[in-house]
Number of protein chains: 2
Amino acid sequence: MQFTHINSMLIRNMGNNRPRPAMSQKRRASSRLNASSLSQQAVEELRRRIASCQLVPGQRLDEAALAAELGISRTPLREALKMLSAEGLVDITPRRGAHVAEMAQDDLEGIFPIMALLEGEVAREAAQKATPLDLRRLDQLHATLEKYVAAGDVDRYYETNYQFHDALQQVAGNPWLQHVIGDLRKLLRLSRHRSLKLAGRMNDSLNEHRALMDALHKRDAETARRVMKRHLLEQLAALRQLAETAAEA
Amino acid sequence: MQFTHINSMLIRNMGNNRPRPAMSQKRRASSRLNASSLSQQAVEELRRRIASCQLVPGQRLDEAALAAELGISRTPLREALKMLSAEGLVDITPRRGAHVAEMAQDDLEGIFPIMALLEGEVAREAAQKATPLDLRRLDQLHATLEKYVAAGDVDRYYETNYQFHDALQQVAGNPWLQHVIGDLRKLLRLSRHRSLKLAGRMNDSLNEHRALMDALHKRDAETARRVMKRHLLEQLAALRQLAETAAEA
DNA sequence: AGCGCGTATTTTGTATACAAGATAGGCGGC
DNA sequence: GCCGCCTATCTTGTATACAAAATACGCGCT
């Protein structure tokens, strides 16, 4: 067991002057705003690492090793793992340790249609509620998408697409819808590496976005819903095809 | 701090012969099958207590007291609380303790339409897939519902209704849909006491169920979806009215 | 008598100690 | 030489110890 990234200690709340042997209390410049509890910070850090593929699906999460790496004890780390497990990002098998959750094609086949339904609803509500200002903001993001497609930058397209869907949710202003979609999106991030391979679909994807923007401008809620739903189902179809061609190899 | 229910100790895995002073290791006859880890058992026990209103929304959850009550230490209890918090059943405010989550009318207004969408989808898929055997089982549950309406037994009606929706999900056979709906239903249980006050709606509710069964028998997926969706929105409307009349008092 | 401040108490958050289950590795048997 | 069992080691699960934040309480002050 050895870790290359030595400097990933989480931020302790300081003022701790008990003689504690092997626990340096360095705080790291690059760290996010203090989430106050180490377990909460660990949750966020682990989420980040999973999203960024520093921790890959299926990987074993050794408590002692991870705790050491984060500069905390096993207690808050375990609390973090339990929370991530409740979120579905981590699978815990009793007495046999925690692993980063894996996302099979079957899971995508289950999740995407649900997302299609929910995000379709978001689009519908957004079409009804969007102010001119909202539309301008969405147009702006859409323009950025166009830019990245032209540049062939899948990675940034993916991220901006994410932001776009986020912005749309803001417009729809339905906290619970946002919450449920957010939960599912966290899980879909586990298959991010696969989505990034869909460079060939960027153009189609963009066209669907154009159709969506069109519907939003026209305040055509039903069309917006249908377009968004279809957008996600097409995404799934592309992933399915990717899986099938990959399976042949 | 004193507890009346003394005998609610969770099941330890035994074979523990270290001299541990004040920790009796009685196992309880009525306990569920051993979930192996105390934290997991605590999660289930707390979920149960919340669902059954032994722990009411807003109530403070004192770690030491609860741990003592369950006959475990704070470590697994805290892990349980973190999991419940990730599920949304418990709110944890850093350094200020955990409370049973509260469900405002606004939350119901957010959750029910989502449930309507998702359960509508369940009904649609179930209508397509139901075998004659499935239909017989559903008919059976429906008959039980009729019985409880006739008897005016809201409590049992509620439970059987729950089972009915569960059975329908089995028929639809969509694990992820089931999962998402399950998450939301756990939350809705927080307002169970309110739903139980809807005795007057039992008849309407039953009629909607009849219409659903009819659509299922006819394999009319689209009607099944619409009926189920409407069923849930009506439920919400009834709860809303209840809240309004209650607010006047 | 009411209010504020300082101290005592409670309660959370984290680290550590320890036991039992799981794993791995070696030894003997076939 | 391969398989199975037994032991040593590792890892998880739980309890406990302790520190700091939060809260409660009482005292003095105005």
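To find a chain, count down the sequence lines: A is the first, B the second, and so on, and within it residues start at 1.
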I need the [atom1]-[atom2] distance between [X] and [N], as an integer number of Å.
| X | N | atom1 | atom2 | value |
| --- | --- | --- | --- | --- |
| Q41(A) | dG13(C) | CD | C1' | 12 Å |
| E63(B) | dA22(D) | CD | C1' | 13 Å |
| E79(B) | dT12(C) | CD | P | 16 Å |
| M83(A) | dG13(C) | CE | C1' | 12 Å |
| I72(A) | dT14(C) | CD1 | P | 8 Å |
| L81(A) | dG13(D) | CG | P | 10 Å |
| R74(A) | dG13(D) | CZ | P | 8 Å |
| H99(B) | dT11(C) | NE2 | C1' | 12 Å |

Return the nearest nucleotide to the side chain of [X]; candidates are [options].
| X | options | result |
| --- | --- | --- |
| R96(B) | dA17(C), dT23(D), dT12(C) | dT23(D) |
| P76(B) | dA15(D), dT12(D), dG13(C) | dA15(D) |
| D62(B) | dT14(D), dT11(C), dT16(C) | dT11(C) |

[N] OP1/OP2 closer than 4.0 Å to side-chain N/O of [X]:
| X | N | result |
| --- | --- | --- |
| R78(B) | dT12(C) | no |
| R60(A) | dT12(D) | yes |
| T75(A) | dT14(C) | no |

**Request:** For the pair Q59(A) (side chain) and V56(A) (backbone), establish whether a donor and an acceptor sit closer than 3.5 Å, ignoring hydrogens and angles.
**Result:**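 A pair under 3.5 Å: yes.
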
**Prompt:** For L77(A), which of L38(A), I72(A), L61(A) qualifies under side chain to side chain contact (heavy atoms under 4.5 Å, CB included)?
**Reply:**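 Of L38(A), I72(A), L61(A), side chain to side chain contact (heavy atoms under 4.5 Å, CB included) with L77(A) is met by I72(A) alone.
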
**Asked** M228(A) and side chain to side chain contact (heavy atoms under 4.5 Å, CB included): which partner among V122(A), L233(A), L168(A)?
**Response** L168(A)

**Asked** Taking all atoms of both residues into account, what is the closest heavy-atom pair of E159(B) and R192(B), and its distance?
**Response**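 Taking E159(B) first and R192(B) second, the nearest heavy atoms are OE2-NH2, 3.3 Å.
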
**Item:** Residues Q105(A), R240(A); criterion side-chain hydrogen bond (donor to acceptor under 3.5 Å, both in side chains); working and verdict
**Value:** CA-CA 7 Å; Q105(A) 181 62 29; R240(A) 185 183 306 135; over 6 Å; no

**Request:** Assess whether one donor atom and one acceptor atom, taken from the side chain of S39(A) and the base of dT14(C), lie less than 3.5 Å apart.
**Result:** no

